Amino acid sequence: MSAAEGPLVVGVDTSTQSTKALVVDVATGRVVASGQAPHTVTSGAGRESDPRQWWDALTEALRQCGEAAHEAAAVSIGGQQHGLVTLDEHGEPVRPALLWNDVRSAPQASRLVEELGGAKFWAQRTGSVPAASFTVTKWAWLAEHEPDAVRATKAVRLPHDYLTERLTGQGTTDRGDASGTGWWASGTEAYDEEILAHVGLDPALLPRVVRPGEVAGTVRDGHDLPFSKGTLVACGTGDNAAAALGLGVRPGTPVMSLGTSGTVYAVSEHRPADPTGTVAGFADARGDWLPLACTLNCTLAVDRVAALLGLDREAVEPGRGVTLLPFLDGERTPNLPHSSGLLHGLRHDTTGGQLLQAAYDGAVYSLLAALDLVLDQDADPSAPLLLIGGGARGTAWQQTVRRLSGRPVQVPEAKELVALGAAAQAAGLLTGEDPAAVARRWGTAQGPVLDAVERDEETLSRLAGVLSDAAPLLERAPGDS
């Protein structure tokens with residue numbers, strides 16, 4: 001490792017599939033060491049992971065970073081949002097965590113909306129209308145199906161909270177991740193006692209919400225991590241808020257993330273409250289807001305279609321008339337938790353490459369349909385769309401986004417933006433800077449800009465028509481006749 005110009009910090013991304021750690025030079029933003037280790041997630045009706053494997057993966061990722069991690073002066077953890085972590089009196093998991101993409105709580109989500117004043121109440125109170133991904137619905141599901149687990153629970157955490165607490169010994173979270181629970185009121189920026197009482201959750205079981213720029217604690221003794229005792233620990237945040245920090249985005253800049261889930265979001269100075277539930281009114285990690293729309297089916301769904309067809313993921317072919325809605329795991333945007341994939345317009349002359357392109361179109365359409373709702377009315381409609389995530393460097397993804405959005409597309413060269421955003425948050429503890437300004441100083445959003453092309457209105461119209469016509473079928477719960 002070459003000598004660093006400034007102090008070192010560690011940024012962590014604990015995602016659905018793996019934990020990644022970066023050691024970053026605060027002065028330059030240069031990544032001086034990195035590591036990664038995988039997680040396992042159950043398949044079938046639920047999506048669960050043992051939180052202890054996140055800690056094991058963090059330990060391994062930091063081991064791979066070597067001596068550089070030991071030299072770090074601060075650390076921050078960005079993590080997958082919404083996951084329900086239930087801990088006993090010893091801080092051990094009561095059961096595996098229910099992850100964001102576990103949609104078994106869809107019935108509870110519908111009931112909660114109905115029982116507490118409807119969608120408008122939830123949007124005004126929490127900024128979002130809870131869907132099956134939200135933590136509050138998972139707690140309601142657990143109370144209904146596993147009451148013994150609820151009785152054994154002495155602390156409720158989100159995934160990034162769990163790791164931060166194991167570092168510091170203190171139960172903390174931040175406003176960005178708390179805003180995705182469904183029990184944090186965006187207007188007062190405090191836990192909502194009425195909602196908590198309704199779902200039977202004692203607020204004493206929840207972590208303290210740390211303010212932006214506040215130190216969450218220091219690394220305690222008694223762990224196997226290569227940090228020095230007393231290393232500062234930032235509050236961390238949810239993965240989308242961390243990525244926004246990692247890009248250093250300013251209000252009004254649209255971002256599309258292509259990963260296991262797909263998201264579109266933008267930083268806003270206005271508190272969002274969309275009663276349709278399409279836009280989640282999340283807080284960001286700085287003090288502004290992060291209106292966001294999310295789909296459950298993105299890169300993994302398209303890759304699954306490619307695998308079924310025996311094609312490389314880039315083997316797309318242009319074609320008209322075939323429509324594929326790749327809702328393989330149910331869907332959140334549009335809100336169709338019981339849906340499955342749907343193919344329409346198949347002909348004798350339809351090729352495998354055209355089917356694959358149709359899967360890309362269906363995945364991107366759902367995201368673009370929400371983009372106008374995410375952006376403030378005064379946002380520049382010609383501003384480049386920042387394309388990030390695992391799919392962002394794929395040619396087929398890039399060209400599909402350009403063709404269906406009609407916008408120029410910028411692909412930042414920096415990788416691991418969630419971990420970089422966490423690193424920028426840790427750096428802000430040392431320098432006193434706004435973490436987004438740290439990321440802009442590091443130049444993380446720099447990358448090639450692909451020119452805008454004419455928007456494919458015919459495909460957009462066809463997708464909208466098929467989705468509308470198929471809605472009754474897609475809304476059916478399993479077992480419905």
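Both backbone and side-chain heavy atoms feed into the values below; hydrogens, waters and symmetry mates do not. The shown structure was predicted, so the numbers you read here are calculated from the model rather than taken from an experiment. We count residues from 1, following the sequence as given.
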Interatomic distance, CG@Leu245 vs CG@Leu290, rounded to 0.5 Å, equals 9.0 Å
Requested in this report: Starting from the C-alpha separation in whole Å, work towards a yes-or-no answer on side chain to side chain contact (heavy atoms under 4.5 Å, CB included) for Val233 and Thr231.
Outcome: CA-CA 6 Å; Val233 181; Thr231 301; 5.7 Å; no
Open item on the list: Between Arg441 (side chain only) and Ala436 (backbone N and O only), is there a donor and an acceptor less than 3.5 Å apart?
Closed with: no
task = Would you check if Ser268 and Pro251 make a side-chain contact, meaning some heavy-atom pair closer than 4.5 Å?
result = no
Self-check item: Check ion pair Glu165-Arg208 (N to O, under 4.0 angstrom)
Solution: no
I would like to know whether Arg125 and Asp192 meet salt bridge (charged side-chain N to carboxylate O under 4.0 Å, His left out); could you show each step before the answer? CA-CA 8 Å; Arg125 188 71 71 89; Asp192 192 300; 2.8 Å; yes
- Task: For residues Thr86 and Arg95, determine if any side-chain heavy atom of one lies less than 4.5 Å from a side-chain heavy atom of the other.
- Result: yes
Would the number of heavy atoms belonging to other residues, nucleotides or ligands and lying under 6.0 Å from CZ of Arg304 be above 12? no
_Main chain of Gly248, side chain of Arg440: is a donor-acceptor contact present, judged purely on distance under 3.5 Å?_
yes
Does any non-hydrogen side-chain atom of Leu206 lie less than 4.5 Å from one of Leu196? yes
Just so I know, are the side chains of Val264 and Leu367 near enough to count as touching, which here means a heavy-atom distance under 4.5 Å? yes
For Arg407 and Leu385 the tightest heavy-atom approach is CD-CB, 4.2 Å
dist His82:NE2 -> Ser133:OG (nearest 0.5 Å) comes out at 4.5 Å
ask   = If we ignore angles and hydrogens, is there a donor and acceptor under 3.5 Å between the side chains of Thr42 and Glu48?
value = no
For Ser261 and Trp100 the tightest heavy-atom approach is CB-CH2, 3.3 Å
For Arg313 and Tyr360 the tightest heavy-atom approach is O-OH, 2.6 Å
Is any side-chain heavy atom of Val12 closer than 4.5 Å to a side-chain heavy atom of Trp54?
no
Discussion item. Please tell me whether Glu433 and Thr431 have a donor and an acceptor in their side chains that are separated by less than 3.5 angstrom.
Written reply: yes
### Task
Take Gln170 and Thr172 through the side chain to side chain donor-acceptor pair (under 3.5 Å) test and state the conclusion after the steps.
CA-CA 6 Å; Gln170 305 294 319; Thr172 61; over 6 Å; no
### Message
I'd like to know if the side chain of Asp202 reaches the main chain of Leu205, judged simply by a donor and an acceptor atom lying under 3.5 Å from each other, with no hydrogens or angles considered.
### Response
no
Salt-bridge present (Asp434, Arg286; N to O < 4.0 Å): yes
Asp451/Arg402 salt bridge by N-O under 4.0 Å criterion:
no
Residue set satisfying side chain to side chain donor-acceptor pair (under 3.5 Å) with Asp284, at least two apart, ordered chain then number -> Arg175
Rounded to the nearest 0.5 angstrom, the OG1-CH2 distance for Thr299 and Trp397 is 6.5 Å
Donor-acceptor check, side chain of Arg220 to backbone of Gly230, threshold 3.5 angstrom: yes or no? no
Hey, mind stepping through Gln357 and Thr400 against side chain to side chain donor-acceptor pair (under 3.5 Å) and telling me if it holds? CA-CA 8 Å; Gln357 180 60 68; Thr400 302; 3.1 Å; yes
Q. After noting the C-alpha distance and the side-chain angles of Thr14 and Thr19, does the key distance pass the side chain to side chain donor-acceptor pair (under 3.5 Å) rule?
A. CA-CA 4 Å; Thr14 181; Thr19 290; 3.3 Å; yes
#### Entry: Steps toward side chain to side chain contact (heavy atoms under 4.5 Å, CB included) verdict (Glu416, Lys20)
CA-CA 8 Å; Glu416 310 301 349; Lys20 304 158 193 168; 3.0 Å; yes
Taken to the nearest 0.5 Å, the spacing of Asp161 CG from Asp177 CG works out to 6.0 Å
Scanning both residues in full, the closest heavy-atom pair of Ala69 with Phe227 reads O-CD2, 3.6 Å
- request: Evaluate the side chain to side chain contact (heavy atoms under 4.5 Å, CB included) criterion for residues Leu87 and Arg157: first the C-alpha distance (whole Å), next the side-chain angles of each, then the deciding distance (0.1 Å), finally the verdict.
  value: CA-CA 8 Å; Leu87 304 177; Arg157 302 290 184 261; 3.9 Å; yes
Margin query: Using side chain to side chain donor-acceptor pair (under 3.5 Å), reason through Thr137 and Ser105 one step at a time and then give a plain yes or no.
Written below: CA-CA 6 Å; Thr137 72; Ser105 62; 2.8 Å; yes
Mind checking whether Asp239 and Gln81 have side chains closer than 4.5 Å, heavy atoms only? yes
Looking only at heavy atoms, the pair that brings Ser257 and Gly389 closest together is OG-CA, 4.2 Å
Thr237 side chain to Asp174 side chain, donor-acceptor N/O pair below 3.5 angstrom:
yes
Tightest non-hydrogen contact, residues Cys235 and Thr173, listed as CB-O, 4.2 Å
Separation between CG (Leu8) and CD (Glu67), nearest 0.5 Å, reads 10.0 Å
| query | Any sub-3.5 Å donor-acceptor pair from Glu331's side-chain atoms to Leu296's backbone N or O? | reply | yes
Original post:
Counting only N and O atoms by type, is there a donor-acceptor contact under 3.5 Å from the side chain of Glu314 to the main-chain atoms of Ala396?
Top reply: yes
Hey, is the main chain of Ala363 close enough, under 3.5 Å, to the side chain of Ser366 for a donor-acceptor pair?
no
Quick one: does Met256's side chain get under 4.5 Å of Leu386's, heavy atoms only? no
Check your understanding: After noting the C-alpha distance and the side-chain angles of Trp183 and Val156, does the key distance pass the side chain to side chain contact (heavy atoms under 4.5 Å, CB included) rule?
Key -> CA-CA 12 Å; Trp183 55 57; Val156 171; 3.9 Å; yes
- Task: Measure from the side-chain N and O atoms of Ser128 to the backbone N and O of Pro130, and report whether any donor-acceptor pair falls under 3.5 Å.
- Result: no
Give a yes or no answer on whether the side chain of Gln64 reaches the backbone of Thr59 with a donor-acceptor pair at less than 3.5 Å. no
TODO: Please determine, by modelled atom types, if Asn297 and Thr295 share a side-chain donor-acceptor pair under 3.5 angstrom.
DONE: no
In this structure, CG of Asp25 is separated from OG1 of Thr28 (nearest 0.5 Å) by 3.5 Å
Sequence neighbours excluded, the answer for side chain to side chain contact (heavy atoms under 4.5 Å, CB included) partners of Ser179 is Trp184, Phe282, Ala283
Subject >> Atom CD of Glu214 with >12 non-hydrogen neighbours under 6.0 angstrom >> reply: yes
(request) Salt-bridge test for Glu269 and Arg250: reply yes if a basic N is under 4.0 Å from a carboxylate O, no otherwise. (result) no
Would you say the side chain of Val9 lies within less than 4.5 Å of the side chain of Val75, judging by non-hydrogen atoms?
no
- prompt: So, are Lys154 and Glu89 salt-bridged, with charged N and O less than 4.0 Å apart?
  reply: no
| said: Strictly distance-based, threshold 3.5 Å: is any side-chain N or O of Gln398 a donor or acceptor partner for the main-chain N or O of Ala392? | reply: yes
ask   = Taking NZ, NE, NH1 and NH2 as the nitrogens, is one of them in Asp361 or Arg403 under 4.0 Å from a carboxylate oxygen of the other?
value = yes
